[in-house]
Amino acid sequence: MPTTKFDKESIKKSIVGKVQRYNGLTIEEATKQQVYRAVASTVRDQIMQKYMVSREERKKSKKKRLYYLSVEFLMGRSMYTNMLNLVSSKEYTEALQELGIDIKELLKEEPEPGLGNGGLGRLAACFMDSLSSLDLPAMGCTIRYEYGLFRQKIVDGQQVELPDSWLDNGNAWESAVMQDTCEIHFGGHVEEVEINGQKKYVTRDYYTVEAVPYDMPIVGYDTATVNPLRMWSARSPKKIDLNSFGEGRYIQASEEIELAETISKVLYPEDKHYEGKMLRLKQHYFFVSASLQYIIKEFKKAFGNDFARLPDKVVIHINDTHPGMAIPELMRILMDEEGLGWDEASAIVQKTVAYTNHTIMAEALEKWPVNMVENLLPRCYQIICEMNRRLCERLWNSFPGDWDRIAHMALVSYDNVHMANMCVAMSYSVNGVSQLHGEILKSDTFHDYYKVMPEKFCAITNGITHRRWLMSCNPGLTNLIYDSIGDGWVREPERLSELLPFADDAAFRDKFDQIKHQNKERLAALLRERQGAIVDPDFIFDVQAKRLHEYKRQMLNALHILVLYNRIVNDENFTMEPRLFVFGAKASPGYYRAKQIIRMICALSSLIEKHPRARKMLQVVFLENYDVSSAEVLIPAAEVSEQLSTASKEASGTGNMKFMMNGAVTIGTMDGANVEISEQVGMENIYIFGMRSDTVLDMYREHSYNPMSIFESNQEIRLALVDVVVGYIGFQLLKDRCGLGLSYPALYLPEQHFSSPSFFSGIVGSYG
Ligand code: 26V
């Protein structure tokens, strides 16, 4: 195969040539978007060259391949990551400079694919980068949502959601793989038939949606491996029928097409409570079935019908329970389409599927109403019932007579299909995402399963790619590390520990401070450009950036700020190190309390802003539309990282790692991977506070939590809470709600009227 060189001169030639051929323009005449397309296309040419070799190599070597099934992949922008991983960032930077193109501006032209809510999706993206960089053959499988997670605006101190149509200008990195298009069947009914004396199950009267794959290449850092991220897009098999025009059936025909295509229209925002929506179930089955059909097709090309070898050649990883329908679907394919018997198929499935759990929140554990599964996926439902029957038989032997326990562990019970139970019962591995989370899965969430199948349980603490979260987002610090310890850490990140001797090196610390200051200036510029917020880079930058959830306790952070504010206001001699608190968080549109917390933070921000003395020491900014790209500016600028979840609730956290990697000090609870971080850095380098996980879990069991005693015994907390309910913040919120015309709402009276706990409990009682 002829190979093209990608040195500086060829890169320049390629970019100029593409702008000329695609747009008939010179670089000077072209728009930023047109130049972006030409540069992306050049990078893509370089990737494709590797991609072909990598694919051939994989086919030849017949190595085991991982299929990582996930409803979310929060990739972030790809252009710089690709240049970096091709080890060509220097060539591209220089080429662009010589063409008079500002690379920083160019990178902003790329729309961010926001195909995820938060940690779970970003973890999947980091894993894709790492798999390629470790030369491990893998394919990510997901849905090509036309609309990613909403874009967030803050209007009058409240969150407003706007659609994220990231595909408007096309996606420069993907290519459709039409030859792998397949059919997905929904609905219908199952018939038992006899073919050549053998009982068979066939589904009739189903309707079909086509799944069209789009592949995005994921390049490894200086490796030969390029793994695809496969995104399935839904398409109706019906084409516009011109005859229907004349017969007045056009509207109906196009509605049917629309309906099929809604499957890949939009990503579901994760809500407070898990909601069993039909469209969601369709989405899950759609991408799982398409992926499995492809997996089996590929396997057969390499190994024929020797399905016993499937577990040696394929791992199907289920990222949380969402892709769990892969279990009955693989059974269905192996039995109904490939002719295997139940025992054989079931043994293969249980050796091929691995499951990772990402939350212990009971309200997040996915379940589907039985009639929904039965109507939409009748054959899968039959298989689930049979798996359930066999499982309960086995459980009966372990727990004879213990119906409650068996019902709790069953795949089908109380009119619901329980996805987490199915994943645990049918996978060979049940993974927790930190040591603590793994322990809680065994002692609590899946305790009964742990007693019967202890060998399955494991815990591999999450990780992040230092390529994006250090090298790409913090070039200043990266260069300082190169200058100090060389580049061994790039391939072996654990060698970052070689920096330890520099902890007391004055020159190193000075340089580190300078870099941090530059990063703070970069964030200040972003805040100014994006939302007109003016911040002082000489303040301490204290950041809490993560999805908005009660368990993550943004509210606790806000209350602490209110306490600081009260200290300033109530004592004119009080001083503190000036501190900027930045919040970055999206609240799920249906999660009322989370949205109220955003309002509270914004109200707090304007309250402080109005107080001339407080303003000199304290500032709060709510960063709009927190996403991967803004995280890449925010995290390197942080000096304090807030990791405040109620112990036991944050399965791992990965933001905690990103902040640490960029030299922020953590204030946090002993939760998730904060525990591992504290072990790595030593307790003297992390500020741990609050209850431990086992205390929290005991309190839940014993119903012994009594917040009123804290309220009664702590004057500062009492004042802050009263402020929220009726004082400054309550006033601010009421003003927002009632319109600016309101001058003195009925509820607002000066603070001293409300300082007694009995009054507070009266208020809480009447609202609670
Ligand atoms: C979902 C829901 C939905 C309904 C009710 C409450 C609730 C609570 C949490 C979730 C999160 C679902 C899965 C998830 O994103 N988990 C995150 O996974 C990260 C990667 O393993 C991990 O670092 C985070 O701690 C974990 O929250």
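Order of appearance sets the numbers: ligands from 1, and atoms from 1 within every ligand. Worth knowing before you read on, the calculation uses all heavy atoms, side chains too, and leaves out hydrogens, waters and symmetry mates.
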- Task: Start with the C-alpha gap between M325 and M419, add the side-chain angles, then the distance that decides, and say whether side-chain contact (heavy atoms from CB on, under 4.5 Å) holds.
- Result: CA-CA 8 Å; M325 282 296 166; M419 296 304 287; 4.0 Å; yes
- Message: Please determine whether side-chain contact (heavy atoms from CB on, under 4.5 Å) holds for the pair R553 and T669, giving the CA-CA distance in whole Å, both sets of side-chain angles, and the decisive distance to 0.1 Å.
- Response: CA-CA 11 Å; R553 297 201 292 188; T669 49; 3.5 Å; yes
- Query: Taking it one step at a time, do K546 and Q643 satisfy side chain to side chain donor-acceptor pair (under 3.5 Å)?
  - Reply: CA-CA 9 Å; K546 48 185 81 253; Q643 307 300 334; 2.7 Å; yes
- Derivation and outcome, salt bridge (charged side-chain N to carboxylate O under 4.0 Å, His left out), residues R467 and D129: CA-CA 9 Å; R467 290 165 290 275; D129 183 275; 2.6 Å; yes
- T695/D698 under side chain to side chain donor-acceptor pair (under 3.5 Å): CA gap, chis, key distance, verdict: CA-CA 5 Å; T695 318; D698 285 347; 6.0 Å; no
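Considering only non-hydrogen atoms, atom 27 (O) of ligand 1 lies nearest to E650 out of E650, E270, E363, K546. Of the candidates G432, S434, A364, it is A364 that places a heavy atom closest to atom 7 (C) of ligand 1.
Side-chain contact between L559 and L721 is present, with at least one heavy-atom pair separated by less than 4.5 Å. Side chains of M657 and S652 form a contact here, defined as non-hydrogen atoms less than 4.5 Å apart.
Residue-level proximity to ligand 1 for H358 is carried by backbone and side chain together, each with a heavy atom below 4.0 angstrom. Heavy atoms of L120 found under 4.0 angstrom from ligand 1 belong to the backbone as well as the side chain. At a 4.0 Å heavy-atom cut-off, ligand 1 does not touch T356 at all.
Of the protein's non-hydrogen atoms, T359 OG1, 3.7 Å is the one closest to atom 9 (C) of ligand 1. Scanning the protein heavy atoms around atom 8 (C) of ligand 1, the nearest turns out to be M361 CG, 3.6 Å. The protein atom (non-hydrogen) at minimum distance from atom 3 (C) of ligand 1 is D271 O, 3.2 Å.
Taking the six-membered ring where the residue is Trp, H284 and H322 present tilted rings, their angle falling between 30° and 60°. Aromatic ring orientation, Y551 versus H549: tilted (interplanar angle from 30° to 60°).
Considering backbone and side-chain N/O of K552, none are found under 3.5 Å from N/O of ligand 1.
A salt bridge does not link R151 to E112: none of the charged side-chain nitrogens sits closer than 4.0 Å to a carboxylate oxygen.
Not a single heavy atom of G118 lies less than 4.0 angstrom from ligand 1. The shortest heavy-atom distance from H549 to ligand 1 is under 4.0 Å.
Counting atoms of ligand 1 from 1 in the listed order, those under 4.0 Å from a heavy atom of A651 are 25 (O). Within the listing of ligand 1, atoms 4 (C), 5 (C), 6 (C) sit less than 4.0 angstrom from a heavy atom of K272. Near Y551, meaning under 4.0 Å from any of its heavy atoms, are these atoms of ligand 1: 27 (O). Ligand-side atoms of ligand 1 in range of G653: 22 (C), 23 (O), 24 (C), 25 (O), range being under 4.0 angstrom from any heavy atom. Proximity to Y274 (heavy-atom distance under 4.0 Å) selects the following atoms of ligand 1: 4 (C). Every atom of ligand 1 with a heavy atom of R547 under 4.0 Å away is listed here by number and element: 15 (O), 27 (O). Residue-ligand proximity, V433 to ligand 1, at heavy-atom distances under 4.0 Å covers atoms 21 (O).
Side-chain N or O atoms of D671 include one that pairs as donor or acceptor with a backbone N or O of K649 at under 3.5 Å.
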